[in-house]
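Every number for a ligand or one of its atoms is a count from 1 in the order of the listing. In what follows, residues are counted from 1 in the order of the sequence shown.
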Amino acid sequence: MKTTPLWPDTAKMPKFARLGKDLKVDVIVIGGGITGITAAYLLRKAGASVALLERGRLVSGETAHTTAHLTYVTDTRLSDLVQRFGHNHAQATWDAGLAAVRQIHQIVDDEQIDCEFRWVPGYLHALPRKGREEAPSLQEDARLAGELGFDAIYIDEVPLMRVPGVAFADQAKFNPAKYLRGLLRVLRKEGCHVFEKSEASSIEIDPPTVQANDHTVRGKYIVIATHVPLQGATNTASAALFQTKLASYNTYAIGANIQPDILPDASFWDTGSPYFYLRIDRYRDHDYAILGGADHKTGQARDPQKHYERVEKRLRQIFPKITIDHWWSGQVVETNDGLPYIGEIVPRQFIATGFSGNGMTFGTLGAMMACDAFAGRRNPWSSLFDVHRKTLFGGTWNYLKENKDYPYYMLKQSLEKPGANSLRAVARGEGKVILLDGKKMAAYRDPQGKVSVKSAVCPHMGCIVRWNGVEKTWDCPCHGSRFMATGEVMAGPAEAPLSDPKEGLFAV
Ligand SMILES: Cc1cc2nc3c(=O)[nH]c(=O)nc-3n(C[C@H](O)[C@H](O)[C@H](O)COP(=O)(O)OP(=O)(O)OC[C@H]3O[C@@H](n4cnc5c(N)ncnc54)[C@H](O)[C@@H]3O)c2cc1C
Ligand code: FES
C-alpha cells in the first residue's frame, strides 16, 4: 500500500533556496507548516522583516497530512470543557477557533486565494446504533453551545448518518495546500526571506540568533512553529518537564471518490474516542469523501495496517460504493488538559503546540498570537493558552495516563531481546531492530537492496524505536518522535537523527 496525502497532488508548491548567507531580520520563524507560514505572513503584513526557515520542503509536515476541517468545535466535548474550565473559558476557547477561521477567510478574501474555502455546516453525531443512548448528552451540548453564543441546534437525524446530533453553523473547509501556496506567493512578492532545506540547528536567545546551514540569522524575536517545539533556549530540565504535558497520537485518513448524489457539502465527527471525522467535497464531475480516525499513541500500534482497515470499513459503511485513491497518516499532539500551549516559553522565544485535531485553527491562532506578542499587543487568549499555566485542569489521572509510557517502555525494552542478530533477517523494503555487537540497531534495507544501519536508541530520552511497516518509518513509543527509514528526524521531540553506529561495527 502506497501512503501519500491528497493535498500535495492538488497544488504544486513554489520552491525556495537554502539559506546561503548570514542575515539580520526582526523575526525568525522556524517551521514551514500552517503555523509558521501564517506567522510569517501576518508579521510581514504588520511591517516586520521576517526569515522563515524550513528543515525540508515547505508544507510537507503535518499540514500536508491534515484533513482541513476548519472548526471551533474542539476535540474535548463542550460539556467537558465547561466542567473543567467554567463557562467563560470554554466560550473563550471556542471563540479562539472561530476567530481563526474568520482570519483564514479574511486572508483568502484579501489575497484572492483560490483554495476552495467554503462555509459549511458541521455535525457532531452519535455512534451508529447508539442514537437513543446519546441523545441527552448531544442535547446538552447543543444547549450549552447556544448559551455560550454559538449557532448550534440539536437534530434527531443528522443527514447521511441517520442518528441524532448537533448541527453547528460557521464551520468551514478548504484545500490547505492551495491556501498556503497563496500565502507563499505573497511572501515571495513582499520580499520575505523564505528558505527550504535549512534546519535550525542551534538557537540562542540573548540576542535571538538561529544557526542553519552554517549561517547565522540574527533577529529580535523567534517563533518556533515546528509542531512539537524545539528546545531552543529553554533549559533541558524545563524542556523535559514541558514534554510530559504533550502526547503524540497517529491518526489515519482515506480519500475516495464516491457516487455523485444529493449529499451535503459538510463536515461530520462522531462522538467516539477516538472519533471518526468525515468531510464531503462536491466537485463539478464527482464527489469526494475524506474519512479519518482510528488514532493510537505514536509508536504503540501492533499493526498500523489494521488502523487503515478500520477507517476503510467505516467509510464503506457510510458509502457502499467508493474508489479509494489516497491513504495517509500523520500525528496530532494532545495536551494534558485539552487546550493548546501558545506563548513565550522564555522571553522572545514563542512556541505554539498541542493543537490536537484542531491545528488548522489553533495553528492560525498561534500565528495571530505570535504577531501580537512581537508587537507587544495584548491578546485575549494569552492567559488561557499560557505555556506556563500551572493548574492541571485535566486532573491527575490524565497526567499519569499520558506519562506512564516512558518508564514502562524503558523497562520493557531493557528486557526485550531483538529476534535477529544478522542483517540477513531484514527483507527488501523492510526495517527491523537487530542486535549487532550487543547493541540494538535500526536496520533498513531499501527496495534496491541498499542497507542503512543506525542506532535504535531514540536520541530524545533513550527508548528503542519500532519499525512502522506501513509508513516505512521508525516510531518511538515513549514520546512519539518519528524518523525516516534511514534515520533522519521526521517529528520531535527528538531533534537529532538516529545516530550512526561506530565505524567497523558490521559488514554488509
Ligand atoms: C490525518 C490528520 C488529520 C487532521 N485533520 C485536521 C482537521 O481536520 N482540522 C484541523 O484543524 N487540524 C487537523 N489536523 C491537525 C493539523 O493538521 C496540524 O495540527 C497542523 O497541520 C500543524 O501545523 P504546524 O504548522 O504547527 O506543523 P507542521 O505542518 O508539522 O509544520 C512544522 C514544520 O516544522 C519543520 N521543522 C521541524 N524542525 C525544524 C527545524 N529544526 N528547523 C526548521 N524547520 C523545522 C518541519 O519540517 C515541518 O515542516 C490533522 C492532522 C492529521 C495528521
Ligand atoms: S525517548 Fe522520547 S521520543 Fe523517544
Test side chain to side chain contact (heavy atoms under 4.5 Å, CB included) on Asp75 and Asn358; report intermediate values, then the result. CA-CA 8 Å; Asp75 284 7; Asn358 293 79; 3.3 Å; yes
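- Ring pair Phe16/Phe195: centre-to-centre distance not below 6.0 Å.
- The minimum distance between atom 2 (Fe) of ligand 2 and any N, O or S atom of His479 involves atom ND1.
- The backbone N or O of Pro477 lies less than 3.5 Å from a partner atom in the side chain of Gln300, making a donor-acceptor pair.
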Passes side chain to side chain contact (heavy atoms under 4.5 Å, CB included), Gln171 versus His69? Steps please. CA-CA 8 Å; Gln171 309 296 302; His69 298 231; over 6 Å; no
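- The side-chain hydrogen bond (donor to acceptor under 3.5 Å, both in side chains) test applied to Ser202 returns no partner, not counting sequence neighbours.
- Remark: Cys463 SG to Cys476 SG, distance not under 2.5 Å.
- Every residue two or more places apart in sequence or in another chain that forms a side chain to side chain contact (heavy atoms under 4.5 Å, CB included) with Ser60 is listed here: Glu54, Arg57.
- Ser382 and Asn379 are not linked by any side-chain donor-acceptor pair at a separation below 3.5 angstrom, with hydrogens and angles left out of the test.
- Between atom 4 (Fe) of ligand 2 and Cys458 there is an N/O/S contact shorter than 2.8 Å.
- Of all the N, O or S atoms in His460, the one closest to atom 2 (Fe) of ligand 2 is ND1.
- Residue pairs meeting the ring pair (Phe, Tyr, Trp, His ring centres under 6.0 Å) criterion with at least one member in residues 349-374, sequence neighbours excluded, are Tyr221-Phe374, Phe362-Phe385.
- Of all the atoms in ligand 2, the ones that sit under 4.0 Å from a non-hydrogen atom of Ser481 are 3 (S).
- With 2.8 Å as the limit, Cys476 counts as an N, O or S neighbour of atom 4 (Fe) of ligand 2.
- For ligand 2, the atoms closer than 4.0 angstrom to any heavy atom of Met461 are 1 (S).
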Sub-3.5 Å pairs, protein N or O with ligand 1 N or O:
| unit_1 | atom_1 | unit_2 | atom_2 | d |
| --- | --- | --- | --- | --- |
| ligand 1 | 5 (N) | Thr66 | OG1 | 3.3 |
| ligand 1 | 5 (N) | Thr67 | N | 3.2 |
| ligand 1 | 5 (N) | Thr67 | OG1 | 2.9 |
| ligand 1 | 8 (O) | Thr67 | OG1 | 2.9 |
| ligand 1 | 8 (O) | Ala68 | N | 3.3 |
| ligand 1 | 8 (O) | His69 | N | 2.9 |
| ligand 1 | 9 (N) | His69 | O | 2.9 |
| ligand 1 | 9 (N) | Gly357 | O | 3.3 |
| ligand 1 | 11 (O) | Gly357 | O | 3.4 |
| ligand 1 | 11 (O) | Gly359 | N | 3.1 |
| ligand 1 | 11 (O) | Met360 | N | 2.8 |
| ligand 1 | 12 (N) | Gly357 | O | 3.0 |
| ligand 1 | 12 (N) | Gly359 | N | 3.1 |
| ligand 1 | 14 (N) | Thr66 | OG1 | 3.4 |
| ligand 1 | 17 (O) | Thr66 | OG1 | 3.1 |
| ligand 1 | 21 (O) | Thr63 | N | 3.3 |
| ligand 1 | 21 (O) | Thr63 | OG1 | 3.0 |
| ligand 1 | 23 (O) | Thr63 | OG1 | 3.2 |
| ligand 1 | 25 (O) | Ile34 | N | 3.1 |
| ligand 1 | 25 (O) | Thr35 | N | 3.0 |
| ligand 1 | 25 (O) | Thr35 | OG1 | 3.2 |
| ligand 1 | 26 (O) | Thr35 | OG1 | 2.8 |
| ligand 1 | 29 (O) | Glu62 | N | 3.3 |
| ligand 1 | 29 (O) | Thr63 | N | 2.9 |
| ligand 1 | 29 (O) | Thr63 | OG1 | 2.5 |
| ligand 1 | 30 (O) | Glu62 | N | 2.9 |
| ligand 1 | 38 (N) | Arg55 | NH1 | 3.3 |
| ligand 1 | 41 (N) | Ala200 | O | 3.3 |
| ligand 1 | 42 (N) | Ala200 | N | 2.9 |
| ligand 1 | 44 (N) | Arg55 | N | 3.0 |
| ligand 1 | 47 (O) | Glu54 | OE2 | 2.7 |
| ligand 1 | 49 (O) | Glu54 | OE1 | 2.7 |
| ligand 1 | 49 (O) | Glu54 | OE2 | 3.2 |

